[in-house]
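Scroll down for the structure; my scribbles are underneath it.
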Amino acid sequence: MQEKVLTNKKNGMLVMLITILLYIGAAILTVYGAAHSPVLMVIAIIWLCIGWLPLPGLRVLKPQEALVLTLFGRYIGTIKEAGFYFVNPFCTAVNPASQTKLNQSGDVDSTSVKPVVINASAMSSGTEMASKKISLKIMTLNNNRQKINDCLGNPVEIGIAVMWRVVDTAKAVFNVDNYKEYLSLQCDSALRNIVRIYPYDVAPNVDTTGDGIADEGSLRGSSEVVANRIRDEIQQKVKEAGLEIIEARITYLAYAPEIAAVMLQRQQASAIIDARKMIVDGAVGMVEMALERLNENNVVQLDEERKAAMVSNLLVVLCGNRDAQPIVNSGSLY
């Protein structure tokens with residue numbers, strides 16, 4: 001389905017003025033015909049009865065809005081530019097997603113939590129057409145948080161925000177049943193496909209790029225790369241629906257509650273080990289420096305046994321969690 005944009009319909013003001021003038025003329029002609037010519041009166045009354053037919057063809061579009069028009073089931077074109085239009089009064093606007101409310105900008109009604117159900121039989125042509133307008137603005141879909149297993153099998157909770165817009169109204173209306181629901185479904189599917197490739201944190205021997213070489217990609221450390229891959233995955237799936245995915249961003253990322261406490265202990269243990277390693281490396285360097293300085297200045301001559309005792313004492317003092325309690329030897333060296 002190829003989109004056909006209608007640009008020669010901006011004559012709504014002219015049609016409205018002509019219709020109003022004809023109504024005024026018909027009213028005057030009715031009064032005149034009642035006194036002089038019954039035929040003119042009948043013609044004027046007939047016009048007063050059917051003269052409103054052009055009015056349902058008047059359409060007003062604001063910036064970044066579109067109307068997809070069909071005539072007796074046949075697609076005749078799309079109106080995209082803002083203005084006052086006159087179209088065939090028998091044309092109907094098509095927007096299968098007009099009543100679909102997603103958790104996204106442009107769809108959330110701040111004044112009411114529950115959607116309002118409108119009786120179709122009581123809806124006028126103008127109200128129906130207004131509800132069938134397609135927004136061409138950039139909208140943000142806040143996808144619900146999902147629980148997905150990463151590549152190591154750990155369950156994580158992740159949520160994304162997708163910025164999107166309609167670029168081809170004909171494809172959006174006719175190629176899919178409901179383009180908003182279709183987008184939401186494809187976001188869920190793409191999110192699962194990409195998250196399963198990455199570990200939550202950096203893990204050894206994990207290939208996230210598919211080149212057969214282990215890398216350091218992770219959901220937590222490579223959020224930009226992951227978001228771009230999610231965007232490309234969604235764009236590939238919604239291209240036939242006439243949608244453009246502008247950007248995708250990770251809005252929430254955490255371990256699932258059932259393993260969050262265990263993973264926190266694991267991270268704490270890893271941090272303690274790294275801290276201890278740094279303390280030991282520094283202590284060994286300080287001991288080496290102390291022995292070298294003592295030997296260079298000939299302050300004291302120590303045999304191997306005394307050196308071992310000195311190294312042990314220094315390491316205990318430097319690596320201990322508490323302040324050392326020194327014992328002063330006031331006697332001989334030995």
Side-chain angles (χ1 to χ4, degrees), residues 1-9 57 59-83 85 87-108 115 118 120 123 125 127-144 146 160-194 227-249:
M1 180 66 67
Q2 296 294 327
E3 183 182 56
K4 181 170 62 175
V5 180
L6 302 176
T7 58
N8 58 347
K9 302 290 185 180
R59 304 287 176 249
V60 177
L61 279 186
K62 294 179 289 187
Q64 297 298 317
E65 288 183 345
L67 276 179
V68 178
L69 301 175
T70 61
L71 182 61
F72 303 122
R74 182 174 61 88
Y75 171 63
I76 62 172
T78 300
I79 301 175
K80 279 189 171 182
E81 296 181 4
Y85 293 86
V87 298
N88 192 319
F90 296 99
C91 285
T92 57
V94 182
N95 183 8
S98 59
Q99 300 300 325
T100 302
K101 304 297 181 183
L102 299 178
N103 185 23
Q104 63 180 14
S105 63
D107 275 339
V108 178
I118 302 176
M123 187 184 300
S125 176
T127 305
E128 179 184 1
M129 187 67 72
S131 67
K132 298 296 184 180
K133 292 178 181 177
I134 298 176
S135 176
L136 303 179
K137 301 174 183 178
I138 297 176
M139 292 187 287
T140 303
L141 170 63
N142 295 316
N143 212 41
N144 294 329
Q146 296 187 64
I160 60 172
V162 179
M163 277 63 78
W164 67 282
R165 65 182 173 186
V166 178
V167 293
D168 192 314
T169 56
K171 289 182 178 181
V173 170
F174 299 112
N175 282 9
V176 294
D177 183 56
N178 188 318
Y179 63 89
K180 290 183 181 180
E181 293 181 355
Y182 182 78
L183 172 64
S184 180
L185 248 152
Q186 296 305 326
C187 287
D188 294 342
S189 175
L191 183 62
R192 289 185 176 274
N193 290 341
I194 300 302
N228 289 334
R229 292 189 67 174
I230 293 174
R231 176 203 170 278
D232 295 340
E233 181 83 6
I234 300 174
Q235 180 63 70
Q236 184 179 1
K237 294 178 180 295
V238 302
K239 183 178 180 181
E240 289 301 319
L243 307 180
E244 179 188 3
I245 308 301
I246 299 173
E247 191 178 14
R249 281 287 176 264

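Keep in mind that the numbers below use all heavy atoms, side chains included, and drop hydrogens, waters and symmetry copies.
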Can you sort out the partners of [X] under side chain to side chain donor-acceptor pair (under 3.5 Å), two or more places apart, ordered by chain and number?
| X | value |
| --- | --- |
| Lys237 | none |
| Asp232 | none |
| Gln64 | none |
| Arg229 | Tyr198 |

Holding to salt bridge (Lys or Arg N to Asp or Glu O under 4.0 Å), I want the full list of residues that pass it with Glu81, two or more places apart in sequence or in another chain.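 Result, salt bridge (Lys or Arg N to Asp or Glu O under 4.0 Å) vs Glu81: Lys10.
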Any chance you could lay out the side chain to side chain contact (heavy atoms under 4.5 Å, CB included) test for Lys80 and Thr169, step after step, and finish with the verdict? CA-CA 9 Å; Lys80 279 189 171 182; Thr169 56; 4.1 Å; yes
Only pairs at least two apart or in different chains count here, so list each salt bridge (Lys or Arg N to Asp or Glu O under 4.0 Å) that has a residue in residues 161-179.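 Non-adjacent pairs meeting salt bridge (Lys or Arg N to Asp or Glu O under 4.0 Å): Arg165-Glu244.
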Which value, rounded to the nearest 0.5 Å, describes the distance between Gln236 atom CD and Gln186 atom CD?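 Interatomic distance, Gln236 CD to Gln186 CD, rounded to 0.5 Å: 10.5 Å.
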Taking NZ, NE, NH1 and NH2 as the nitrogens, is one of them in Glu65 or Lys132 under 4.0 Å from a carboxylate oxygen of the other?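 Judged by the 4.0 Å cut-off on N to carboxylate O distance, Glu65 and Lys132 do not form a salt bridge.
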Flag the pair Glu233 and Arg231 as a salt bridge only when some basic side-chain nitrogen lies within less than 4.0 angstrom of an acidic carboxylate oxygen.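 Not counted as a salt bridge, because no side-chain N and carboxylate O are separated by less than 4.0 Å.
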Applying side chain to side chain contact (heavy atoms under 4.5 Å, CB included) to Leu141 and Cys187, what does each step give before you reach the verdict? CA-CA 9 Å; Leu141 170 63; Cys187 287; 3.8 Å; yes
Taking only residues two or more places apart in sequence, or in another chain, which ones meet [X] in a side-chain contact (heavy atoms from CB on, under 4.5 Å)?
| X | value |
| --- | --- |
| Ile76 | Leu69, Leu71, Arg74, Cys91 |
| Glu181 | Thr100, Asn178 |
| Lys4 | Tyr75 |

With distance as the sole test, does Asn175 use its side chain to make a donor-acceptor pair with the main-chain N or O of Glu240 at under 3.5 Å?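 Yes, Asn175 side chain to Glu240 backbone: donor-acceptor pair under 3.5 Å.
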